[in-house]
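So that the names make sense, note that chain A is the first sequence line, chain B the second, and so on, each numbered from 1.
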Protein chains: 2
Amino acid sequence: MGSAEGIPVTGGFLEQLELAERREDLQSVAEALRDRFKVDHLVYHWVSANGEQYGCGTYDPVWVERYLEKGYLRIDPVIQGCFQRFHPVDWKRLDWSSKAARAFQWDAIAHGVGNQGYSIPIRGPNGQFALFTVNHSCDDEAWAEFTALTRRDMILIAHYFNQKALELEPGRRPEPAQPLSPREIEAMTLLAVGYSRAQVAETLSISEHTLRVYIESARFKLGAMNTTHAVARALSRGLIVV
Amino acid sequence: MGSAEGIPVTGGFLEQLELAERREDLQSVAEALRDRFKVDHLVYHWVSANGEQYGCGTYDPVWVERYLEKGYLRIDPVIQGCFQRFHPVDWKRLDWSSKAARAFQWDAIAHGVGNQGYSIPIRGPNGQFALFTVNHSCDDEAWAEFTALTRRDMILIAHYFNQKALELEPGRRPEPAQPLSPREIEAMTLLAVGYSRAQVAETLSISEHTLRVYIESARFKLGAMNTTHAVARALSRGLIVV
DNA sequence: TTCCAACTCCCCAGAAATGGTGAGGCGCCG
DNA sequence: CGGCGCCTCACCATTTCTGGGGAGTTGGAA
């Protein structure tokens, strides 16, 4: 297993990433980086529960298929853990205690995923969330050394991967992220913290009818089917904060 | 104006950042970096819609005060522009066309802010959003050269600044999240993407009565008053992903 | 083995949310 | 000036959610 000797990958790979013009380019850069760092896998994974997945990397396609099919997205401790953090995290520091998580881990290793891993959460506009992961099979000590040396490289690589993915994926960005009006934001925020419509109306000192107009308006702007959906979207797009 | 000669700041500053234990440390690291890079200003700014501001950097306190007081947060094109992007952006590429933006720019320069700037958006869990900015007074060519050389340093520095800010700000508590059962997670997730109770029940192939038990159970575990609240909590605690 | 958490099913009645339609005032921008 | 978005208010009928009961199976943990 190699390393960048503490010196970030200035020459070559990041430039390749920056110049990538197609999805396939990202894929081949991932493979090149895997070989360069001498690890088992290197994966960029755009996380979204609504079915639209996108990723590129060196995992066995069988595993990727299985992951999606089995709904591992919902129980993968890497997802769970990274979603709540800002900084990169070593897989050992995640919570693997639940039954589902253990079964998942077993299955993953059986499909060629390394026992060691390091994942970097990445967030973009509109609540976009992605993961950049590097993993390998080795003992704890070797892995600790590897991550210590390549940590910063990984952050930069993750950054550029996401940047390119955002550029190359046209499907994601359009969604003009229609902003909510101040009143709508207030309404959504109060709903998100558990107030009923009546309580929200009282808090905002407006009639419940007026409040309804806001909620409907927000629902429309967010393309939501009901209030719960609207609040969920507003939250995950970062339009409101609880 | 200096530069890192294309080699990221491996020795010294990032370590200082990682070792910082108090807010004041971040402040002094910012000053040291400003001197090292020979720019006018270097600022980390935590942007939050609910009024709570936090920042550290080398701006004149008078300017910071004025910025807050005048509500520039709402019209600052840097905020507007970065909020919708993922990658770092040169101030020249922002939209300064509105009257308010021009007035703001004029005021900023009058308070010692450089005419050139480079800002990096940073996002964390729960919709956290921050900016890392470096700015200077010089001509376009010199600035282009500077940004080309230090771009990657800036990304890493921004990353570590935010990491430290998240650690040092007690505002975000761990919030011991009682885990949801697999069925509860499925139910919450489907509700979060807009399904009605009836639809969720059908999707999960269970009776609506059973579904209700899950929702109530999840609501109880999450300490939520209603379904919308429960979904919002599950989302912001990272228990479900949409 | 005993116990508990998770999963499944059922009834009823009251509370809350939603859909459709309509209307007036205010402020900003071209 | 006219249009557009925002804020405010109202009624009606229908659908959906919530809170109060109770009950049986399973599989893993103590």
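- The shortest side-chain heavy-atom distance between Arg34(A) and Asp40(A) does not fall under the 4.5 Å cut-off.
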Close N/O contacts between protein and nucleotides 4-13 of chain D (under 3.5 Å):
unit_1: dC7(D); atom_1: OP1; unit_2: Arg183(A); atom_2: N; d: 3.4
unit_1: dC7(D); atom_1: OP2; unit_2: Ser181(A); atom_2: OG; d: 2.6
unit_1: dC7(D); atom_1: O3'; unit_2: Tyr214(A); atom_2: OH; d: 3.4
unit_1: dT8(D); atom_1: OP1; unit_2: Arg183(A); atom_2: NH2; d: 3.1
unit_1: dT8(D); atom_1: OP2; unit_2: Arg183(A); atom_2: NE; d: 2.9
unit_1: dT8(D); atom_1: OP2; unit_2: Tyr214(A); atom_2: OH; d: 2.2
unit_1: dC9(D); atom_1: OP2; unit_2: Ser207(A); atom_2: N; d: 2.6
unit_1: dC9(D); atom_1: OP2; unit_2: Ser207(A); atom_2: OG; d: 3.4
unit_1: dC9(D); atom_1: OP2; unit_2: Thr210(A); atom_2: OG1; d: 2.9

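- Residues Leu68(B) and Leu73(B) fail the side-chain proximity criterion, which asks for heavy atoms closer than 4.5 Å.
- Using a 4.0 Å cut-off on heavy atoms, none of the residues of residues 191-199 of chain A approach DNA chain D.
- No side-chain heavy atom of Arg219(A) sits under 4.5 Å from any side-chain heavy atom of Met225(A).
- In this model, no donor atom of one side chain and acceptor atom of the other lie less than 3.5 Å apart for Gln84(A) and Asn126(B).
- Between Val231(A) and Ala192(A), the shortest heavy-atom distance links the atoms CG1-CB, 3.6 Å.
- Separating the CG atom of Leu190(A) from the C1' atom of dA17(C) is a distance of 17 Å, rounded to the nearest angstrom.
- For Thr227(A) and Thr228(B), the side-chain atoms include no donor-acceptor pair closer than 3.5 Å.
- Aromatic pair Tyr72(B)/Trp63(B): ring centres closer than 6.0 Å.
- Atom-to-atom, CZ of Phe220(A) to P of dG19(C) comes out at 13 Å; the value is rounded to the nearest Å.
- The pair Arg66(A)-Glu69(A) does not count as a salt bridge, with every side-chain nitrogen at least 4.0 angstrom from each carboxylate oxygen.
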Filtered N/O pairs between nucleotides 24-29 of chain D and protein, under 3.5 Å:
none

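- Side-chain contact between Glu184(B) and Leu239(B) is absent, with no heavy atoms from C-beta onward closer than 4.5 Å.
- Under the 3.5 Å distance criterion, the side-chain polar atoms of Ser236(B) are matched with a main-chain donor or acceptor of Ala232(B).
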